[in-house]
Amino acid sequence: MLVTIFLLLVALCANRGCGEDSEAVQRPGHVSVIVVGATGDLARKYLWQGFFQLYVQQVGSGHTFTFYGGGLSPAETATPVLFEILKAVSCSKDVSQERCAVLKEQFLRVSQYRQLKTVEDYQDLAKHIEQQLRKEGMTEEGRLFYLSVPAFAYTDIAEKINGTCRPAGGIWLRVVLEKPFGHNYRSAQVLATELRSFLNEDEMYRIDHYLGKQVVSKILPFRTENRKALDPIWNRHHIERIEIVLKETLDCKGRIAFYDEYGVIRDVLQNHLTEVMTLLTMKLPANVSDSGEVLRNRLQVLNSMLPLGKNQAVTGQYQAYKTEVQQELNKTKDHVSVTPTFAAVLAHIDEARYEGVPILLISGKMLDERVGYARILFKNNVFCIQNHHSVHCKPKQIVFYFGHGSLQHAAVLVSKNLFKPALKDHRWKEVTEHTDVSVLGLHISDYYVQTPIKEKEAYSELISHILAGQKNSFISTENLLASWGLWTPLLMGLTGSFPRIYPGGADNGDMLDVHLRGKEIHYNSEAVIIGVDQIGGASANGFQVMRGKFRSADMVSAWTEELVERLAVDMEEAAEAAVNEGSVFHLALSGGSTPLALFHRLALHHFSFPWWNTHVWMVDERCVPPTEPESNFYNLHEHLLQHVRIPYYNVHPMPVQLNQRLCVEEDGGALLYEGELRKLINGSSFHFVLLGVGYDGHTASLFPGGKPSELGESLVTLTESPVKPHQRMSLTFSAINRARRVALLVMGKGKHELITQLSRVKDDSNKYPVTGVKPASGSLVWYIDYDALLG
Ligand SMILES: *[C@@H]1O[C@H](CO)[C@@H](O)[C@H](O)[C@H]1NC(C)=O
Ligand SMILES: *[C@@H]1O[C@H](CO)[C@@H](O)[C@H](O)[C@H]1NC(C)=O
Ligand SMILES: *[C@@H]1O[C@H](CO)[C@@H](O)[C@H](O)[C@H]1NC(C)=O
Ligand SMILES: *[C@@H]1O[C@H](CO)[C@@H](O)[C@H](O)[C@H]1NC(C)=O
């Protein structure tokens, strides 16, 4: 067979006149392909088919091949298995049946199974390759190892390859690796370092099969070919947002052992969607075929991403996942997994060109349809008064459609209100005859549609790039680490947070809809409970906001974010009610770190809060100058006041600094504040007082042992704290308990112990000052997050 191809080559050369000048280029020679893990799932489904395509394409090119399927099993048992797989490969439609039979026959003849377990096995392989080359009188061109094995085996195999199979003298060695490349930044770095001692960077081909998809590999050429039309609009002034979406209908059954360790972010977002994002946003290389430049520009995008934290993601888990985990991992009924099977992430690029452009990366299992696409939605500020069907009022968008979904095939779609894209690649065609479908809000006839003339499998494409030594569709070590550098902080931020449970399929309805607020992404609807046992053995009964009683007052509980949101909403409602009633809202806020999340929320999300009519008072203050970061007022100003439109004469810091000294009794600061308060507030009755609780049960600056109940009618007092700074100014219970509404905000695991104690103790404001909070005619509501409530 090898001889046949060789003769064919001689014949071709004679015809085409391959002469002296082609001598200079490296002459195609013999390539040994070794698939390690030859009978595994991936190899069975895609790799052998890909190598067969390669073999067929290369007939007549001068390349000759031997294919070795390697694995841990002995040859006796694995050989028949391998040959069953090889017999199942298929030819593309344009090859006749007879020709196909011949090609398959030849492919089988140059393929064999070898056990590859020990160093000796690899030594034998190397010997075999050399003997064969000698016997057939062939020049060796290279050795291609495809490691289709679990990642933990990479280093060991790489070491064996380097030790025994590295060819000498200018003959190339290429080793292909499949994801996962690590689990986070650290593990990816460890793996990269280990591999680096056995393989050079240019020898490693980390595959992301997404980069081999025809439409994905079209992104850069498309951007280049249409540069004239795109340059003026490919920026923040014109792009509304970018969406990169991969929706699946399947579950994780059968893959749980792997999946539960990884989840959707590691499985899909960190690699496939990130790669698509870089292709869409990278600086166009001067030369698209220049791998070095392409890789550098992709890296540059990764390095200029704004950090991702947990406010830039929402996660979900389909309902049946829990049971699948229990079954496949032999866990008991109360085992809970927090691995997300759905995630929507909002990313931003910190470059002038893309500043403020939202980039959404979304993927999930058990969704309503199987589809993958990247869409660039442009701003459209045309407003049609009468003719809404007119094309210029419709969405302006470019869609790179990876496949499946309503369209069922790969395509690049440009809405007709943008421009007519160039068609310079002879492997693509324009389609004008359409079936009656809509894609992302536009009827297909409203798009210019281009599709590949011949559909090709991603793996076949990438395998031919490996043979050609084209590295731009692979992941370099630097790019890999940069991507993990982006995703690892988010993954860490999400540890311990519960994904929203969704039923799966069409039943998901609008549960997974998200909305964007500034740089944050949130679920659009409040969570609903869809099963009583969603969070396993813990005693909370769902993800939603839970209402109950605590110390015989009302309690609202939820996960931190929902809790803060609820409190902010309640506060805004109180403000509106007060302003409607008397044109003014008197709000007293406490310091410390607990309310900061609330302040951010108010500043960033509550634009209709009636700040103009609000007076902000202090619950307590530390006796430090107001310019110190320890000052409560300083923090209040930093995190809230400077971001909202509140008149400065409505802001009432506590006068802790008078006569150039801090909190001296005879300077009368407390009396001064009390006077101001009595003068401005009807009945000295705040509309809303926000309090926190310290670990020792103190609230405001009323500390255990300070006999806060003995302050009589005075509204403001100086107190002593057990921790620095010792001196404080504080509202008294008299002032607090006159309020119409008091909110007690308690958050974090650290407060769990205290909450447990408080749920048991009797009122004793000297020992647990917070138990002295008892509004005389107003209401008290405890806002306790699940961490504090459940520990
Ligand atoms: C491969 O093995 C040789 C020893 O045979 C060693 O010197 C070399 O550093 C190893 N790694 C690479 C990348 O060549
Ligand atoms: C583009 O890069 C490829 C690969 O490095 C090279 O062969 C080709 O000559 C370059 N083209 C131009 C115009 O520089
Ligand atoms: C679960 O248990 C079954 C039967 O006891 C066993 O065959 C299987 O290997 C176990 N799986 C795991 C992940 O422990
Ligand atoms: C002050 O409060 C009292 C009692 O709550 C109320 O009757 C009165 O109308 C209020 N005055 C103003 C000016 O709001």
Side-chain angles (χ1 to χ4, degrees), residues 21-22 24-26 119-120 122-123 125-127 142-143 145 147 154-177 191-206 217 220-221 223-225 227 282-298 424-425 464-474 476-477 574-587 610 613-615 677-689 715 734-735 737-742 775-779:
D21 21 328
S22 60
V25 221
Q26 192 191 12
V119 179
E120 291 74 30
Y122 282 83
Q123 267 163 358
L125 171 68
K127 258 188 238 146
R143 298 179 187 181
F145 284 82
L147 309 194
Y154 287 168
T155 311
D156 178 52
I157 297 175
E159 181 174 10
K160 289 187 179 119
I161 293 173
N162 184 46
T164 61
C165 292
R166 182 178 279 288
I171 294 158
W172 54 253
L173 169 69
R174 294 176 188 151
V175 180
V176 188
L177 305 161
L191 181 60
T193 311
E194 285 174 359
L195 286 174
R196 189 59 193 81
S197 50
F198 305 117
L199 299 170
N200 296 314
E201 179 68 23
D202 65 337
E203 295 169 337
M204 280 185 274
Y205 286 71
R206 284 191 198 81
S217 60
L220 276 189
R223 290 183 55 198
T224 312
E225 288 158 14
R227 202 167 189 159
M282 64 186 263
K283 192 166 143 251
L284 279 182
N287 179 356
V288 184
S289 323
D290 182 340
S291 295
E293 193 182 0
V294 170
L295 287 171
R296 271 196 307 281
N297 293 6
R298 264 161 58 190
K424 292 193 179 146
D425 186 339
S464 63
H465 290 185
I466 299 165
L467 183 72
Q470 261 175 43
K471 293 216 76 175
N472 45 356
S473 23
F474 298 86
S476 67
T477 303
E576 276 160 6
V579 171
N580 278 338
E581 186 191 303
S583 312
V584 65
F585 176 59
H586 288 285
L587 171 66
N613 302 82
T614 298
H615 281 256
L677 195 158
R678 286 186 192 278
K679 202 165 67 197
L680 291 174
I681 309 178
N682 185 15
S684 308
S685 169
F686 289 107
H687 293 103
F688 203 109
V689 176
L715 302 179
S734 273
N737 288 335
R738 273 170 208 244
R740 306 248 201 120
R741 194 145 168 186
V742 179
S777 57
S779 64

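Counting convention: from 1, in listed order, for ligands and their atoms alike.
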Phe686 vs His586, test: ring pair (Phe, Tyr, Trp, His ring centres under 6.0 Å). Steps then yes/no. CA-CA 5 Å; Phe686 289 107; His586 288 285; 7.1 Å; no
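The backbone N or O of Pro610 sits nowhere less than 3.5 Å from a side-chain atom of Glu576 that would complete a donor-acceptor pair.
Looking at Ile157, Asn162, Ile161, Asp156 one by one, the single match for side chain to side chain contact (heavy atoms under 4.5 Å, CB included) with Phe198 turns out to be Asn162.
Salt-bridge formation is detected for the pair Arg740/Glu581: a Lys NZ or Arg NE/NH1/NH2 atom is positioned less than 4.0 Å from an Asp or Glu carboxylate oxygen. Taking 4.0 Å as the cut-off between side-chain N and carboxylate O, Glu203 and Arg196 do not count as a salt-bridged pair.
Interface atoms of ligand 1 facing Phe198, defined by a heavy-atom separation under 4.0 Å, are 11 (N), 12 (C), 13 (C). Residue Arg166 has at least one heavy-atom neighbour below 4.0 Å for each of these atoms of ligand 1: 12 (C), 13 (C), 14 (O). Taking every heavy atom of Ser197 and a limit of under 4.0 angstrom, the matching atoms of ligand 1 come to 10 (C), 11 (N), 12 (C), 13 (C). Every atom of ligand 1 with a heavy atom of Leu199 under 4.0 Å away is listed here by number and element: 13 (C).
No side-chain heavy atom of Arg206 sits less than 4.5 Å from a side-chain heavy atom of Val176.
Nearest protein heavy-atom contact of atom 14 (O) of ligand 4 is Asn682 ND2, 3.3 Å. Of the protein's non-hydrogen atoms, Asn162 ND2, 4.5 Å is the one closest to atom 4 (C) of ligand 1. At the top of the distance list for atom 5 (O) of ligand 2, counting protein heavy atoms only, stands Ser289 O, 4.0 Å.
Ligand 1 has no N or O atom lying under 3.5 Å from any N or O atom of Asn200, backbone or side chain.
By heavy-atom distance, the residue among Val294, Asn287, Val288 lying nearest atom 13 (C) of ligand 2 is Asn287.
Ring planes of Tyr122 and Phe145: parallel class, angle under 30° (limits at 30 and 60°).
Counted by atom type alone, Thr477 and Glu201 present one or more donor-acceptor pairs between their side chains at under 3.5 Å.
Under the 4.0 angstrom criterion, atom 7 (O) of ligand 1 counts as lacking any protein heavy-atom contact. Protein heavy atoms are found less than 4.0 angstrom from atom 2 (O) of ligand 4.
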